[in-house]
Amino acid sequence: MNLDYNTTCPCGSDIEYSSCCALAHKKVELVITAEQLMRSRYTAFTLAMGDYLMKSHYRSTRPLSQKKSIVKWAKSVEWKGLQIIAKTKGLATDTKGTVEFKAFYFENGKLEFIHENSAFIKEKGCWYYLGYA
């Protein structure tokens, strides 16, 4: 998927990509909340940004060996939207948080979704995706 900086961000924020997830994609340290990181990771999947997905994934759970297959899969589906269901903590003053979401996509002509409650951790002022909560 090619994305113009003036296009509405895929994460569902209703603001331009350039003022939303593009900021995180340029510098993950700018992410303020766990939800913001979740949204930027969803957008990174829609853009098949493997480097960002690895960089924003906590080092002890980072699947480096799977990067190529993740990017290949991300490119093979048609991303349709992100729905945030619930969140706990994960604010600027927190060091942990969770975000429950559904990410919708078309695969092989069928609408599918990922439903996950993701755990996030903040270390040295930077949020990271940890894994399933």
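Hydrogens, waters and symmetry mates play no part in the numbers below; they use all other heavy atoms, side chains included.
Here the NZ-CG distance, from K96 to L130, works out to 8.5 Å after rounding to the nearest 0.5 Å. Residue S18 holds its OG atom at 7.5 Å from CG of L23, rounded to the nearest 0.5 Å. Rounding to the nearest 0.5 angstrom, the gap separating the SG atom in C21 from the OH atom in Y52 is 7.5 Å. Put simply, OG1 on T43 and CG on L82 are 7.5 Å apart, with the number rounded to the nearest 0.5 Å. In this structure, CZ in F120 is found 10.5 Å from OG1 in T88, a value given to the nearest 0.5 Å. With values rounded to the nearest 0.5 angstrom, C126 atom SG is found 9.0 Å from L30 atom CG.
Each of F106, F104, W73 was evaluated against W79; a single residue qualifies, W73, per the ring pair (Phe, Tyr, Trp, His ring centres under 6.0 Å) test. For the side-chain hydrogen bond (donor to acceptor under 3.5 Å, both in side chains) with H115, the qualifying choice from E100, K102, Q83 is E100, the only one to do so. Between M49 and the options M54, R41, H25, a side chain to side chain contact (heavy atoms under 4.5 Å, CB included) holds for only H25.
S69 places a side-chain N or O within donor-acceptor distance of the main-chain N or O of Q66, the cut-off being under 3.5 Å.
A single hydrophobic cluster is not seen to contain both Y132 and M38; linkage of ILVMFWY side chains at heavy-atom distances under 4.5 Å, directly or through other members, places them apart. Cluster membership check: F113 shares its hydrophobic cluster with L111, using side-chain heavy-atom separations under 4.5 Å among Ile, Leu, Val, Met, Phe, Trp and Tyr. Residues L47 and I114 share a single hydrophobic cluster, defined by chaining ILVMFWY side chains whose heavy atoms lie under 4.5 Å apart.
Between Y128 and Y58, the two ring planes are perpendicular [angle over 60°; tilted spans 30° to 60°].
For the residue pair S118/E116, the side-chain donor-acceptor check at 3.5 Å is satisfied.
Shown here for S56 and L53, the closest heavy-atom pair between the two residues is OG-O, 3.5 Å. Of all heavy-atom pairs between K67 and G50, the closest is CE-C, 3.8 Å. Shown here for A133 and T98, the closest heavy-atom pair between the two residues is CB-CG2, 3.8 Å. The shortest non-hydrogen separation linking W127 to V28 is O-CG2, 4.4 Å. The shortest non-hydrogen separation linking Y42 to C11 is CD2-CA, 4.0 Å. Counting all heavy atoms, side chain and backbone alike, T33 lies closest to A92 at CG2-N, 4.2 Å.
Counting heavy atoms of neighbouring residues, nucleotides and ligands inside a 6.0 Å radius, atom NZ of K87 does not exceed 12 of them.
You'll find the side chain of I84 reaches within 4.5 Å of the side chain of F101, heavy atoms only. The side-chain heavy atoms of S40 and L37, taken from C-beta on, include a pair separated by under 4.5 Å.
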Verdict with supporting geometry, R39 and E35, side chain to side chain contact (heavy atoms under 4.5 Å, CB included) | CA-CA 6 Å; R39 289 180 178 279; E35 180 182 348; 2.9 Å; yes
Between F45 and I70, does a side chain to side chain contact (heavy atoms under 4.5 Å, CB included) hold up when you go through it step by step?
-> CA-CA 9 Å; F45 270 100; I70 290 169; 3.6 Å; yes
